[in-house]
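What follows is a short report on a single structure.
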Amino acid sequence: PVAEQFDAVFDFSVDLPTGETLTASTVSSLYSGSDSSPTALVSGAATVSGGQVTQLIIGGVAGNVYLLTCTAVTSGGQTLVRAGYLVVIA
């Protein structure tokens, strides 16, 4: 596994209706390649600040491609989704 770590920031502010806030969020990972536990990439709980969700990402297996998906719920009951690919290089 790769030893790096970083905060992945998912910005929902452009889609957040006026007056609503983010009340809950989850981040998950899927992958392409060979990683027996791709969910271990996501460390701890995500934090919400304003219209952004921040998630600590750790490790990963060199040569794999992970799809990080963040699902957030607004105070108005809407579900918003952001996703991005993470390529791990040795």
Side-chain angles (χ1 to χ4, degrees):
V2 176
E4 290 186 40
Q5 64 180 24
F6 69 96
D7 285 330
V9 179
F10 300 88
D11 190 351
F12 293 93
S13 58
V14 97
D15 293 326
L16 200 56
T18 303
E20 288 190 32
T21 58
L22 296 178
T23 58
S25 65
T26 58
V27 177
S28 61
S29 68
L30 298 174
Y31 73 99
S32 169
S34 58
D35 184 343
S36 60
S37 59
T39 56
L41 192 72
V42 176
S43 180
T47 59
V48 175
S49 179
Q52 295 184 330
V53 174
T54 302
Q55 175 66 61
L56 179 62
I57 303 298
I58 60 170
V61 175
N64 283 357
V65 178
Y66 297 85
L67 175 61
L68 301 177
T69 304
C70 180
T71 304
V73 177
T74 72
S75 56
Q78 294 188 49
T79 300
L80 306 174
V81 178
R82 288 276 183 272
Y85 288 101
L86 171 66
V87 178
V88 178
I89 301 171

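Note that the numbering runs from 1 along the sequence shown for the chain. The structure displayed is predicted, hence computed values, not measured ones.
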Between side-chain atoms of residues 43-61 and protein atoms elsewhere (two or more places apart, or another chain), which donor-acceptor pairs fall under 3.5 Å?
{"unit_1": "Q55", "atom_1": "OE1", "unit_2": "A46", "atom_2": "N", "d": "3.2"}
{"unit_1": "Q55", "atom_1": "NE2", "unit_2": "S43", "atom_2": "O", "d": "2.8"}
{"unit_1": "Q55", "atom_1": "NE2", "unit_2": "G44", "atom_2": "O", "d": "3.2"}

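- V87 forms part of a hydrophobic cluster together with V65, L67, Y85, I89, judged by ILVMFWY side-chain heavy-atom separations under 4.5 Å.
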Side chains of residues 20-32: which donor-acceptor pairs under 3.5 Å do they make with residues two or more places apart or in other chains?
{"unit_1": "E20", "atom_1": "OE1", "unit_2": "T74", "atom_2": "OG1", "d": "2.5"}
{"unit_1": "E20", "atom_1": "OE1", "unit_2": "G76", "atom_2": "N", "d": "3.2"}
{"unit_1": "T23", "atom_1": "OG1", "unit_2": "V73", "atom_2": "O", "d": "3.1"}
{"unit_1": "S29", "atom_1": "OG", "unit_2": "P38", "atom_2": "O", "d": "2.6"}
{"unit_1": "Y31", "atom_1": "OH", "unit_2": "D35", "atom_2": "O", "d": "3.2"}

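- When the salt bridge (Lys or Arg N to Asp or Glu O under 4.0 Å) test is applied to D11, no partner is found at least two apart in sequence or on another chain.
- The two residues T69 and A83 come nearest to each other via the heavy atoms OG1-CB, 4.0 Å.
- Counting side-chain heavy-atom gaps under 4.5 Å among Ile, Leu, Val, Met, Phe, Trp and Tyr, V81 is found in no cluster with other residues.
- Annotation: salt bridge (charged side-chain N to carboxylate O under 4.0 Å, His left out) contacts involving residues 64-85, sequence neighbours excluded, comprise D15-R82.
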